[in-house]
Amino acid sequence: MSSIFPTYARFDVEIEEATGMKVTDTSGKTYIDFTSGIGVCNLGHRHPAVHEQIKLQLDKYWHVSNLYHNPIQERVAKALTSKSSGDLVFFSNSGAEANEAAIKLARKVTGKETVITFEQSFHGRTFATMAATGQNKVREGFGPMLEKFAYATYNDIESVKQLIDSNTAAIMLESIQGEGGVVPANQDFVDELIQLAKQYEVLVIIDEIQTGIGRTGKGFGYEHYGLDPDIITVAKGLGNGMPVGAMIAKEKYKESFGPGSHGSTFGGNPLAMAAAEAVIKNVFKPDFLNEVKNKGNYLMAELNKELKNIEMVKEVRGKGLMVGIECNQAVSSVVKELINQGVLILNASPNVLRLLPPLIVTYDEIDEVVGLIKQALVK
Ligand SMILES: *Cc1c(COP(=O)(O)O)cnc(C)c1O
């Protein structure tokens, strides 16, 4: 019997080793990884540059308190702010903690209480981020929830207008809803949302935890929309598997997060920072991001072409290498079949197959997996 709480319904795969696009299980079977560990290992498993940078840091120090200056944190923060619309960074260990920091900062800055989020959103599993998450199944049994979250309908500006008022501190959204089924925001919706936020002096928090760090073919998903968010949160892809999260925000909020106002013992851990430094250096290269965009377009085109006569498939959608295949029924058996065929793949909401391959995926690997997906869907 397992000694671990069964909070994850695990697949029947026991991992032994992983390199690049390949994962090997303890029986010696290999899999092509189209999950990146849920959008984490964006450079593939044990990327040499990340490996090297962690090793260098391993020989220097692993932890000192955030009570001391830490040059590697400064470098990563500079890199993140130079690549985003934010100016100052708070480092956490996870996505949920980055969102916690964002929610706390928004309340402190504005002196207001309500945070508007969206149905089918996902923002984490802590009390605040669970309350922020617009999915009952995440909140069930854990009540009472933290107060003052209100849920609008994604891509429906009227639903936001009905909720926003003088007590609204922030609107928080994903640029593409990930767990909710790979649903991109519409440009019109985002434009009107920004106007509304300005009118009511409400902060806009973009949760880039799944969409950030090159996943969509741009550094951050919000760049597709020409947005200038007040607060951005990242995690998953930032450390290529080393646990790290970050909240990136405008300089004008500096006073609200002064000494003693917020903190984390491990936040910005030097080994995680070493990984993040290598990740940012490699992912944010214009040529690399351009290739992600090209490969994403190719993947979508191939899926549209190959799956167009399959009755079960309703729609292929996404941006870059974040792609969803919406079906007219639950896809859990398809996921299992693909695992049998040696492909690790995810679902997002019951009916959507979700593809999040490492950004280093090759065109040949895309062809191979598209073929296997087609086979699994007609089976
Ligand atoms: C995964 C995810 C989170 C939560 O991140 P954790 O590191 O698991 O806490 C929050 N928001 C989005 C959009 C995510 O995809």
Side-chain angles (χ1 to χ4, degrees), residues 11 20-23 30-42 44 120 154-155 174-187 210-211 213-218 221 224 236-237 288-379:
F11 294 104
M21 292 289 302
K22 285 265 180 291
V23 173
T30 63
Y31 303 83
I32 185 161
D33 185 359
F34 259 53
T35 70
S36 311
I38 319 193
V40 170
C41 301
N42 283 2
Q120 303 311 318
Y154 200 62
N155 282 329
E174 299 155 85
S175 50
I176 302 174
Q177 285 193 334
E179 302 303 312
V182 190
V183 184
N186 294 335
Q187 183 73 52
Q210 194 161 144
T211 46
I213 319 295
R215 174 53 55 191
T216 68
K218 291 196 184 282
H224 291 281
K236 292 196 167 89
F288 185 86
L289 289 173
N290 208 37
E291 256 309 278
V292 174
K293 187 183 80 183
N294 292 340
K295 287 187 285 195
N297 288 342
Y298 179 75
L299 172 60
M300 294 259 284
E302 286 301 299
L303 286 170
N304 273 315
K305 189 173 82 193
E306 295 297 323
L307 308 184
K308 74 168 181 288
N309 293 324
I310 297 177
E311 207 180 319
M312 193 176 151
V313 176
K314 278 175 70 181
E315 188 186 25
V316 177
R317 59 176 179 249
K319 284 191 198 302
L321 289 168
M322 178 169 184
V323 174
I325 304 169
E326 185 176 354
C327 296
N328 57 18
Q329 62 187 79
V331 294
S332 56
S333 61
V334 181
V335 170
K336 283 200 185 112
E337 172 59 18
L338 280 162
I339 290 175
N340 284 340
Q341 297 301 324
V343 181
L344 300 184
I345 197 164
L346 300 159
N347 66 297
S349 81
N351 291 8
V352 180
L353 272 179
R354 178 172 38 158
L355 283 59
L356 297 171
L359 309 180
I360 57 164
V361 66
T362 64
Y363 288 92
D364 285 347
E365 286 160 340
I366 290 173
D367 287 343
E368 183 188 340
V369 170
V370 169
L372 290 167
I373 289 173
K374 184 179 183 180
Q375 276 178 30
L377 282 169
V378 293
K379 205 166 169 164

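The distance from atom NZ of K336 to atom CG of N347, rounded to the nearest 0.5 Å, is 10.0 Å. Expressed to the nearest 0.5 Å, how far CG of N351 lies from CE of M312 amounts to 8.0 Å. In this structure, T362 OG1 and E291 CD are separated by 10.5 Å, a value rounded to the nearest 0.5 Å. Remark: I339 CD1 to L344 CG distance equals 6.0 Å, nearest 0.5 Å. Put simply, CD on Q375 and CD on E306 are 11.0 Å apart, with the number rounded to the nearest 0.5 Å. Here the CD1 atom belonging to I325 is positioned 14.0 Å from the NZ atom belonging to K314, to the nearest 0.5 angstrom.
For N297, the side chain to side chain contact (heavy atoms under 4.5 Å, CB included) test picks out K293, with sequence neighbours left out.
Remark: of the listed residues I373, V369, L372, L372 is the sole one forming a side chain to side chain contact (heavy atoms under 4.5 Å, CB included) with Q341.
Between E337 and L377 the shortest side-chain heavy-atom distance does not fall below 4.5 Å. Residues R354 and F34 fail the side-chain proximity criterion, which asks for heavy atoms closer than 4.5 Å. Side-chain atoms of Y154 and Q120, non-hydrogen and from C-beta on, never get closer than 4.5 Å to each other. In this structure the side chain of Y298 reaches within 4.5 angstrom of the side chain of D367, judged on heavy atoms. Residues T211 and E174 have side chains not in contact (no heavy-atom distance under 4.5 Å, counting atoms from C-beta outward). Taking 4.5 Å as the limit, some side-chain heavy atom of K236 sits within range of a side-chain heavy atom of V40.
Between D33 and P358, the shortest heavy-atom contact is O-CD, 3.0 Å. What you find for N328 and E311 is that their closest heavy atoms are ND2-O, 3.3 Å. V335 approaches F11 most closely through the heavy-atom pair CG1-CZ, 3.6 Å. Taking both residues in full, the closest heavy atoms of L321 and R215 are given as O-NH1, 2.7 Å, listed atom of the first, atom of the second, then distance. Taking every heavy atom of both residues into account, R317 and V182 meet most closely at NE-O, 2.7 Å. Here the closest non-hydrogen pair linking S36 and P357 is OG-C, 3.0 Å.
Under a 3.5 Å cut-off, the side chain of N42 and the backbone N or O of I213 do form a donor-acceptor pair. Under the 3.5 Å distance criterion, the side-chain polar atoms of N155 are matched with a main-chain donor or acceptor of P184.
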- [ ] Could you go through the side chain to side chain contact (heavy atoms under 4.5 Å, CB included) check for L303 and L355 one step at a time?
- [x] CA-CA 11 Å; L303 286 170; L355 283 59; 4.0 Å; yes
Practice prompt. Please test L356 against M322 for side chain to side chain contact (heavy atoms under 4.5 Å, CB included), starting from the C-alpha separation and ending with a verdict.
Written response: CA-CA 5 Å; L356 297 171; M322 178 169 184; 3.8 Å; yes
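When only modelled atom types and interatomic distance are considered, H224 and T216 share a side-chain donor-acceptor pair under 3.5 Å. A donor-acceptor contact under 3.5 angstrom links the side chains of Q210 and E179, judged on distance only.
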